[in-house]
Trainee: 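Can you keep this structure in mind? I'll have questions shortly.
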Amino acid sequence: MSQEVKIERVNWLPWIVLIVILAIVSNIVVALMGLVERGFCCIYTVGMSSRLFEVEMLPPFLLLLSYPLIRRIKMSRISLARLYTIGLVMSGILGMYDAWTYIPVGWHRMVYNSSPEIRNILLNVWWSPPVSAIEAVIRGGVTPNYADWLSSILFWLSFYLICFAFTSNVMGLLRHIWIDLEKVPFPYTLATYGILERVEQGLSKVRGRTAFIIGIAAGFVLQFQVMMTYLFPWWPDLLSWRSPGASIHGCVCVRSGDIIGSTLAGWSSYNIQPLHYALAYLAPLDMLFTVWLMQIIILIATQAAWYGGYYSGIFDLGGFCRAAGWGGFERSITWGPPFYWGWMSHVGGMLALVFMIFWRFRSYIADTIRAIKTGEYVEREAMSYRAIYTMIAVSAILLILFFTVAAGTSIVSAFILLIFLTFIYTIADMYAYGLMGITFLETRVLWSSWPFRLIWPRAPETYTQNWLMSISFMHRGVNLPGNGVFCGALMTIRGFKLADLAGAKPRDIYKFICITFLVALPISFIMRIYFINLFGATRTWSGCGNWDCAYTGRSAYNTAPPLEWIGIGGVAGFIVVLAISFLRGIYAWFPIHPLGFILATGIFSSFAGSWSIALGAWIAKWLTLKIGGSRAYEEYGMPFVSGYVTGFIIDVILGIIVQITRIFIPF
């Protein structure tokens, strides 16, 4: 699929001008879309859309815009790959609307809305703007005094940039393993690369033209149906998007009283977003099989446990509460006894997954360490291994200094954040993105702070800056890639996958990733502060809660399951994932994938209905390979998915235009 293309010399000035213009325009679009119906801007955006699958909107959007111009300005494949990369990073910085409003403004706004005990600590830190500046944000209708926000901008910029330096170089170390050796698919990158091919060569010159066109029609029609369902109450709801428990992302959590949910204790959710099924079609067959098979096992095991006296009162709960534990952890199918599925996934399973990645390729890691002595640049890498390890070491030290000196955590907390949040959690989530295209770590619920429970089994009686900042970074850091921790890793590894597909040099693509990040991030921060001050708290709805919400406050922290539950689930999960990994290594026919087990039991992928996506995609892909083999998959299946993404993007562009028009001309 990939082909080596001769490297082109970079004329940086026009590229940087383009980055600046795109940064300004895209932030304006995100700001305006936040004024329309809540939730609509989570899909109709130029940032990241369609949560569960993190879909960056700008890369295919920019490719489609370049299609009429490519013959006139003679854009090569390398130029298109660079344009794609700029869009990739820009969308990652913008993230979803929640992340866009949260940092830097929303964080301080939530502190202001919190209890006096929290406010007295976090409004007096050096990076906090004056109370008058926060109150002005809440009122809205003001032009910000950037002098008041300078310390906050510097604090959060430092956090983003150091995280980027650390996590992107960790991805640089793993690039050869995932891209060259394992051939990890990265479903969304595969789909959007199909668009790049057709933009470069022309629709008629790439195989699968008919399937691509059918995919465009399907993607546009189905997403247009979703858009019209949201815009007009009278529009027929053919996809059940208004069904009780349905979210903007297509997840449907069953309500108490649901016919099936009143019978099966483990029945919690399913997904109705067609885009998810299309992208999952590009995931490995054994991964899809494992996810839906595990769901059947969980349903049977949960029902047996219910008959045995567990999960008392679970039928009074809706699907989300059953999964997330909001109705009590002893009644949660994810966190409670007797199986502790969530702890198996997020503690032991994740640790075993990361351990096996390094164990399987220990000889390669040893070779990279030996290569530190020579400092020789490897052609297929973004930089020499000496440079990669140096950047990892330097940025790790800077992260420790940032957490302790700038944020005020203890040295122990800083090391926990470094090891778990920016290293283990990042690697595990990127591997999930690569193989299945979805995340299992997102959502800022109780699981992510489990390492801190070794220090604080219960929250301290009196809040300290160390505790507040440690828990805040851990919970909010995993919530969305746009929150800073995963952003650099996700953009870098997807950029490396694109480079492999397009035949570009990883070093060239990585330069564009770094330049775009350095230029676009400060612009985004400045524009966020401006627009949120202009519109106020009543119109920029995200980030208006208080700091205590979502398991970051004392009361929520103290209601979490005891440490013994975490230990039992963690040990069991480590053993299960390790056993599956070794069985796959011994028996080539063994159909269960360790990551599939983790995704099926993970909190976000669980309540987002990943099992239904995996089942639908598995059936479609199995039939494709059974009937037409790999040729049918490559000539019909993959082009259809690329076309579907194209149709989805076209509808999103239309939706953005319609909604911005409605802001100024209501209809």
Side-chain angles (χ1 to χ4, degrees), residues 52-53 177-178 181-187 190 266 270-271 276-304 333 339 341-342 344-346 348-357 359-361 428-440 572-602 605-606 608-634 637-638 641:
L52 184 59
F53 283 84
I177 295 174
W178 288 351
L181 300 180
E182 287 200 53
K183 301 295 182 182
V184 176
F186 290 90
L190 273 180
Y270 55 94
N271 204 287
H276 295 160
Y277 291 81
L279 291 174
Y281 177 84
L282 301 180
L285 206 60
D286 58 349
M287 176 71 64
L288 300 172
F289 173 76
T290 305
V291 173
W292 69 258
L293 177 66
M294 273 303 305
Q295 178 63 24
I296 295 176
I297 294 173
I298 290 171
L299 283 173
I300 295 172
T302 301
Q303 198 69 12
I333 58 177
F339 302 112
W341 298 114
M344 291 178 68
S345 169
H346 290 294
M350 179 171 22
L351 292 176
L353 181 71
V354 175
F355 170 78
M356 287 304 300
I357 289 173
W359 174 258
R360 288 174 55 213
F361 297 98
D429 218 28
M430 294 309 106
Y431 197 51
Y433 278 125
L435 278 173
M436 182 71 175
I438 66 176
T439 175
F440 72 103
F574 193 91
I575 294 172
V576 169
V577 171
L578 216 60
I580 294 173
S581 299
F582 279 117
L583 286 171
R584 285 178 63 84
I586 297 172
Y587 304 108
W589 53 264
F590 191 72
I592 307 300
H593 197 289
L595 182 59
F597 167 81
I598 293 173
L599 291 177
T601 54
S605 53
S606 177
S610 62
W611 71 269
S612 59
I613 298 168
L615 177 59
W618 180 83
I619 292 173
K621 189 167 186 175
W622 185 84
L623 288 174
T624 302
L625 295 174
K626 189 71 173 178
I627 297 172
S630 59
R631 181 177 178 181
Y633 174 70
E634 293 179 2
M638 294 178 67
V641 175

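In what follows, residues are counted from 1 in the order of the sequence shown. Treat the numbers as computed from the prediction; the structure is a model and nothing was measured.
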Trainee: Quick check: do I580 and F590 have side-chain heavy atoms less than 4.5 Å from each other?
Mentor: yes
Trainee: When rounded to the nearest 0.5 angstrom, what is the spacing between CG in L285 and OG1 in T290?
Mentor: 9.5 Å
Trainee: Do F440 and H346 have side chains that get closer than 4.5 Å, going by heavy atoms?
Mentor: yes
Trainee: Check A283 against M436 and note the closest heavy-atom contact, atom names and distance.
Mentor: CB-SD, 3.9 Å
Trainee: Below 4.5 Å, heavy atoms only, C-beta onward: do W178 and M430 meet side chain to side chain?
Mentor: yes
Trainee: Any donor and acceptor pair, going by atom type alone, linking the side chain of T302 with main-chain N or O of L299 inside 3.5 Å?
Mentor: no
Trainee: Counting C-beta onward and ignoring hydrogens, is there a side-chain heavy-atom pair between P185 and L435 closer than 4.5 Å?
Mentor: yes
Trainee: Measure the shortest side-chain to side-chain distance between Y270 and Q295 over non-hydrogen atoms and say whether it is less than 4.5 angstrom.
Mentor: no
Trainee: Any non-hydrogen side-chain atom of R584 less than 4.5 Å from a side-chain atom of D286?
Mentor: yes
Trainee: Would you please classify the geometry between the F574 ring and the F355 ring as parallel, tilted or perpendicular, with 30° and 60° separating the classes?
Mentor: tilted
Trainee: Centres of the F289 and H593 rings: under 6.0 Å?
Mentor: no
Trainee: Measure the acute angle between the ring planes of Y633 and Y281, then classify it against the limits of 30° and 60° as parallel, tilted or perpendicular.
Mentor: tilted
Trainee: Distance check, rounded to the nearest 0.5 Å: I297 atom CD1 versus T601 atom OG1?
Mentor: 11.0 Å
Trainee: Could you point out which residue of V577, I598, L599 forms a side-chain contact (heavy atoms from CB on, under 4.5 Å) with S345?
Mentor: I598
Trainee: Is the backbone N or O of L288 less than 3.5 Å from a side-chain atom of K621, with the two atoms forming a donor-acceptor pair by type?
Mentor: no
Trainee: When rounded to the nearest 0.5 angstrom, what distance separates CD1 in I592 from OG in S581?
Mentor: 12.0 Å
Trainee: Just verifying a value: how many Å separate M638 CE and T624 OG1, rounded to the nearest 0.5 Å?
Mentor: 12.0 Å
Trainee: Assess the side chains of Y431 and E182: does a donor N or O sit below 3.5 Å from an acceptor N or O?
Mentor: yes
Trainee: How long is the gap from CZ on F53 to OH on Y277, to the nearest 0.5 Å?
Mentor: 10.5 Å
Trainee: Roughly how far apart are I438 CD1 and H276 NE2, rounded to 0.5 Å?
Mentor: 9.0 Å
Trainee: Do N271 and S610 have side chains that approach each other closer than 4.5 Å (heavy atoms only, starting at C-beta)?
Mentor: no
Trainee: Minimum heavy-atom separation for L279 and P187, please, with both atom names.
Mentor: O-CB, 3.4 Å
